Every structure is written in structure tokens, then in C-alpha cells.
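Okay, so here's the structure we're looking at.
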Amino acid sequence: MKKNAGIKMLGVGLALALFSGCMMAGAHDAAAEEEVVLATAVETAFLERTTISSELTYIGQVQPNKTVNIASMLVAEVTSVNFNIGDEVEEGDVLFTVDAQDLQNQMRQLQASMSAASVGVESAQFALEMSIDGAQQRMAELQQEMAVHNATYGMAGIYQTDVQWESARRQNQIFMDNNIARLRDLENDRRHFERELRDLTRGRHRDEWVENPRNPDVFDPLLAAQYDALRLQMRPMDVEIQQIAVQQAQLRAAEQSARVSQEGAAGSLAFAEEFLETYREGVEQTQRQAEFGVESAQAQLQATQAQISTLQGNLNRAIITSPISGVVSTRNVEVGQLVSQAAMPFTIVQIDPVVVQVSVSEALINLVYVGQEVGVTVQALGDEQYFTGTVTIVSPIANQASTFPVRIELENPDGLIRPGMFSQVTFVQAQSQGNFVVARNVVQSDDYGQFVYVVEDKFAHRRAVTTGLESGNLIEITGGVSERDQIVVVGQEFLHDGILVNIVATNDQRAAG
């Protein structure tokens, strides 16, 4: 629009020049002189439909995309410094180093300790394998298991014998019970017979009439015969009873012997089982001790490895590298200097891209979104340096000033935009397409409304118009003119309806002659 203002001044100058020329022309051609004086120099244009945006501009300051302060995690003497202020660095570049001789000596000692711990682990593992898979231990265990099997087999044999003796004893007991019943019957008969004898002999002793046949007074042959017959009947029974008693005594002795053998076999089995369990517990104890030895050796190895890992981390910290790619903005370290965490020897800033943070009003915040492209101009680089930025952060809450922080990211491959420069960020508030756009001073207004001048047959005519969006020194015409109309764009301030005009340029093209 500065260009339009310049054209405006040019139009005024042209009008004055033409007016002066008319005054000096003389009286040679009065009619021509009057015509030139009455014509006002103007510039015109045929309008084209285009796009206009209503914009809001905010001031911000350029900042680095990232800023990293770098310190030494070790308290040590600086041995080398590789970069200076303004130097570009890549991620991983070594900025400076510190003395690590003591750490290296500790590392060698720990590595020797780790070797010894590794040997200890191998030795403990070998002992564990021997306790589990050793041939002698397995042979002894098999022998104990064989003893248990033998005792179990013997116990089974004795149990079988005991079963056989129990069966025989039950059979003999049945046989003896039957004979005892028979003997009981015979004894009853004999007692009955003896009672009868006592009655017959009037109470005399048996020997008197049975065993003394020479005494005819008392001897009774019939009774003696009966008595002898009875004794003959009972004699086999007495013998059988004695045989059964002997068999029963033998059976009881065998049963007792079987029980003793069974108890002995059971004792042997229990002893063998207990000895085997004790042996296995001893083997398990030995294995547990071997496992504990392995665990202890592994723990020692792991402790040493942890110490080495920690020391290796400290050794790595002796070489200080840049965590990002960027430019050195500060350097506060020299060779021979003692550094610690309290100092910040280097500061690295990333300036490609750079960022601009502005605070926008509540009227605009709902139109701003992440990923939106906005226009950015950097004052130090001049208005011709126009950049396109991308919104990366939109704060959801207002700050103490009741504005909303917005972060814009700008590509800066050439490094022209430097942190600290002031910039203007332009946001589009509204946009319109398909209408005419002219300089704001082309559209004039009075008590009757807004209007422009349209040239028809060298005369300027007032034309009422309606307008829309305004942006800077531009304004949108939404109605009242068309593409065929020749609109006055320079010199309209000196016109009135129906005035004669002299068109000196159309659409920036100078008129001929």
C-alpha cells in the first residue's frame, strides 16, 4: 500500500504540472487552454476479484528451539576444550574432557576382581555339578536303595510265612475245638458212669472193686469190663489231645518265631529306609551348600560388575559431549581449570528451527490451532524478509495479563534469524474470496454513504458501493461495481460527480502521448 500512496502523490503532482502547463501556454489557443485546465489527471484500474484477509499482528521475540546447559558430573581438571562461542556442533561432538587417570586405575583393579569372581563362579558351579551328578554319590545312593529293596522283600516273605502259619493255626484251632467238644462229652459220660458206680458200690473206692479182683466181696467183673472199655475208648482221645496240644505248642512257637522275624525284618526295613533318608538329606544338604556357594560367587561377580558399570559411567562422564546439534552460545572453561557440577562450562542452543512466542487476545485464541501456518516478519531483517511459521503450542489457559501464550516454530536453515530479534506474527482473523479489493483511500464516504469514481467517456461519475473486510490499507468492495468499470485509484480526492478527467495511467500502464 506504500506503492499506492506513492501513486497518489504522483497523481497530485501530475495534476499540478498540467495546471501549470496550462497557465503558461499563452493565448494562442484559448479553447484548448480551457479544456486542459478543466481536466483532472487521474489513474484508473479495471478491478479483478481476489481474496482479502483480516489480520491481527502481535510482537514477539525470537528464541532458540532448544537451550542446553552442559556441566561436568565429575570434579576434575579439564584436559582439553574443542569448541568456542559461535561454533556449530553436532549431537555427540566432544566439547571438553577431564582427567580420568584415577578412574582408569580403579577400573583395572575392578576388572581383576571380576576375573577372580568369574573363576569363583565356575568353581562353585563345578562343585554343584559334582554334588548332583557325582558317580560315588550315586553308587552309594543305589546301595542304600538296594538295602531298602532287600528289606522290603524280606518283609514280604516273612509276611507270607506268617500268613501260612496263621492259616494252619486256624485249621488246628478248629480241629482242637472239635476234639475238645468230643472230650467234654466223654468226660460227662465218664462222670455219669462213675456216679452210677458209686451208687452201686455204696460209695466204696473204685480200686476196691475194679483194681482188686482177688477180693470177691467187692470185685464186680461187669463193672470192671465196663470201666476197662471206657478207658480203652478214652485212651485214643487222650493221645489225640496230647498230639493236638503238641501241635498247638509247635504252632505257637512258630508263630512267635514268625513274629520275631517279622519284627526283625520290619526293623531292618525301617533302619534301611531311615539310613537312606539320612543319606539323601546329607546329599541335599551338600547340594544346598554347593548352590549357596554358586549364589554367593554369582553375587560377588554381580557386585563387581555393578561397580564396573558405575565406574564406566564415571569414565564416560569424563568425556563431555553435546546432547543436541546447535551453536555454542557460551563457553566458561579453559584447559587446566577445575570443573564441577556447580559450573556450566558450555551452553548449546538450537537455532534451526527457532521459535517465537506471542500472547494473543481472547478474541483470537479460538481461531488459533496447532499446525496453523502464520506469517512472520523479523524487524532486523526488513519487511522484505517474510517467513511462514507453524503454530506448535497453544496454551489452554490465560496468563496473568489475560492473554494466551502461543508458540510458533520457524525454519532457519541459513541462520539469518537470531535469538533475541524482535518479530511480528500475523494471524488471519477472517477471510473473504471472490470480491474486489482496493486501497482504502479509493473508497470515499460522506453523509450519503460510501462511493468510488468510475470513468465513462472521460468524465468521472460517483458510484455508491458496499464494502466488507478491511486489512491494513486495503478494503473489500462487495457491491456497486463490476469488472467492466474503470475505477479511479489515484486523484479521486480532487473529483466530483461529472468532472472531466485526464487518464494518465491504467492498471499501472502509462497512457500514450
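We're numbering straight along the sequence, starting at 1. What you see is a predicted model; the values in this text were computed from it and never measured.
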| field | Interatomic spacing from CD1 in Ile408 to CD in Gln63 - rounded to 0.5 Å | value | 10.5 Å
| Atom OG of Ser53 and atom CG of Leu474: how far apart are they, to the nearest 0.5 Å? | 10.5 Å
| said: Under 4.0 Å between a side-chain nitrogen and a carboxylate oxygen: does that hold for Glu456 and Arg484? | reply: no
| task | Check the pair Asp93, Phe83 against side chain to side chain contact (heavy atoms under 4.5 Å, CB included), reporting the backbone distance first and the verdict last. | result | CA-CA 10 Å; Asp93 284 350; Phe83 292 94; 3.9 Å; yes
| Side-chain donor-acceptor contact under 3.5 Å, Ser471 with Ser54 | no
| So, does Ser309 use its side chain to make a donor-acceptor pair with the main chain of Gln305 at under 3.5 Å? | no
| Nearest non-hydrogen partners of Ile70 and Pro323, listed with the distance | CD1-CD, 3.6 Å
| Has Phe422 got more than 12 heavy atoms of other residues, nucleotides or ligands less than 6.0 Å from its CZ? | no
| task | Test Val452 against Val481 for side chain to side chain contact (heavy atoms under 4.5 Å, CB included), laying out the working first. | result | CA-CA 9 Å; Val452 297; Val481 294; 3.9 Å; yes
| query | Cut-off 3.5 Å, side chains only: do Thr392 and Glu409 have a donor facing an acceptor? | reply | no
| task | Assess the side chains of Thr426 and Thr57: does a donor N or O sit below 3.5 Å from an acceptor N or O? | result | yes
| said: Has Thr478 got a side-chain atom pairing as donor or acceptor with Thr466's backbone, closer than 3.5 angstrom? | reply: yes
| task | Answer yes or no: does atom CD of Glu88 have more than 12 heavy-atom neighbours from other residues, nucleotides or ligands under 6.0 Å? | result | no
| Going by atom types only, do Glu91 and Ser325 share a side-chain donor-acceptor pair under 3.5 Å? | no
| field | Any Glu43 side-chain heavy atom under 4.5 Å of Arg510 side chain | value | yes
| query | Where the side chain of Gln350 meets the backbone of Lys66, is there a donor-acceptor pair that is under 3.5 Å apart? | reply | no
| field | Residue pair Thr467 / Val443, side-chain heavy-atom distance below 4.5 Å | value | yes
| Could you give the distance from OG1 (Thr40) to CD1 (Ile503), rounded to the nearest 0.5 Å? | 12.0 Å
| query | Relative to the ring of Tyr58, is the ring of Phe427 parallel (under 30°), tilted (30 to 60°) or perpendicular (over 60°)? | reply | perpendicular
| query | Would you say Gln385 has more than 12 foreign heavy atoms packed within less than 6.0 Å of its CD? | reply | yes
| Does the Arg407 side chain pair with the main chain of Ile393, one donor and one acceptor, at a distance under 3.5 Å? | no
| message | Strictly distance-based, threshold 3.5 Å: is any side-chain N or O of Asn502 a donor or acceptor partner for the main-chain N or O of Ala39? | response | no
| task | State whether the side chain of Gln444 and the backbone N or O of Gln492 hold a donor-acceptor pair below 3.5 Å, judged by distance alone. | result | yes
| Going by atom types alone, do Thr388 and Glu373 pair a side-chain donor with an acceptor below 3.5 Å? | no
| request: Taking the side chain as every heavy atom from C-beta outward, state whether Val501 and Leu495 have any atom pair closer than 4.5 Å. | output: yes
| Glu362, CD atom: more than 12 neighbouring heavy atoms under 6.0 Å | no
| remark: In short, Pro396 meets Phe404 closest at the heavy-atom pair O-CE2, 4.2 Å
| query | Taking C-beta and beyond as the side chain, do Met421 and Gln379 meet within less than 4.5 Å on heavy atoms? | reply | no
| task | Taking the side chain as every heavy atom from C-beta outward, state whether Ile59 and Gln424 have any atom pair closer than 4.5 Å. | result | yes
| remark: Residues Ser340 and Val75: closest non-hydrogen pair is CB-CG2, 3.8 Å
| said: Tell me whether Gln300 contacts the main-chain N or O of Gln298 through its side chain, where contact means a donor paired with an acceptor under 3.5 Å. | reply: no
| Can you name the nearest heavy-atom pair linking Val335 to Ser80, along with the distance? | CG2-CA, 4.0 Å
| remark: For Ala318 and Leu74, the nearest pair of non-hydrogen atoms, with its separation, is N-CD1, 3.9 Å
| Between Ile348 and Val328, is a side chain to side chain contact (heavy atoms under 4.5 Å, CB included) present by the stated rule, with each step listed? | CA-CA 5 Å; Ile348 308 298; Val328 177; 3.7 Å; yes
| Got Ile417 and Leu410 here, is their nearest side-chain heavy-atom distance under 4.5 Å? | yes
| Check ion pair Glu476-Arg49 (N to O, under 4.0 angstrom) | no
| query | Rounded to the nearest 0.5 Å, how far does CD1 of Ile52 lie from CG of Asn435? | reply | 9.5 Å
| said: Can a donor-acceptor pair be found, under 3.5 Å and without considering hydrogens, that links the side chain of Asn412 to the backbone of Val354? | reply: no
| task | I would like to know whether Leu381 and Phe387 meet side chain to side chain contact (heavy atoms under 4.5 Å, CB included); could you show each step before the answer? | result | CA-CA 11 Å; Leu381 302 179; Phe387 303 92; 3.8 Å; yes
| query | Can you tell me how far the OG atom of Ser322 sits from the CD atom of Glu90, to the nearest 0.5 Å? | reply | 8.5 Å
| message | Could you work out, with salt bridge (Lys or Arg N to Asp or Glu O under 4.0 Å) as the rule, every residue matching Glu334, not counting sequence neighbours? | response | Arg331
| query | Would you say the side-chain atoms of Thr79 pair up with the backbone N or O of Thr97, donor to acceptor, closer than 3.5 Å? | reply | yes
| field | All salt bridge (Lys or Arg N to Asp or Glu O under 4.0 Å) counterparts of Arg462, not counting sequence neighbours | value | Asp446
| query | How long is the span from the CE atom in Met344 to the CG atom in Asn332, to the nearest 0.5 Å? | reply | 10.5 Å
| field | Any Val394 side-chain heavy atom under 4.5 Å of Ile365 side chain | value | yes
| Of all residues at least two apart in sequence or in a different chain, which pass the ring-ring contact (aromatic ring centres under 6.0 Å, His included) check with Phe451? | Tyr453
| field | Beyond-backbone contact of Pro345 with Leu95, side-chain heavy atoms, under 4.5 angstrom | value | no
| task | For Thr347 and Asn69, test the side chains for any donor-to-acceptor distance below 3.5 angstrom and give the result as yes or no. | result | yes
| said: I'd like to know if the side chain of Asn82 reaches the main chain of Val94, judged simply by a donor and an acceptor atom lying under 3.5 Å from each other, with no hydrogens or angles considered. | reply: yes
| said: Surrounding CD of Glu48 (heavy atoms of other residues, nucleotides or ligands, distance under 6.0 Å), is the total greater than 12? | reply: no
| request: For Val376 and Ser423, work out which heavy atoms get closest and say how close. | output: CG1-CB, 4.0 Å
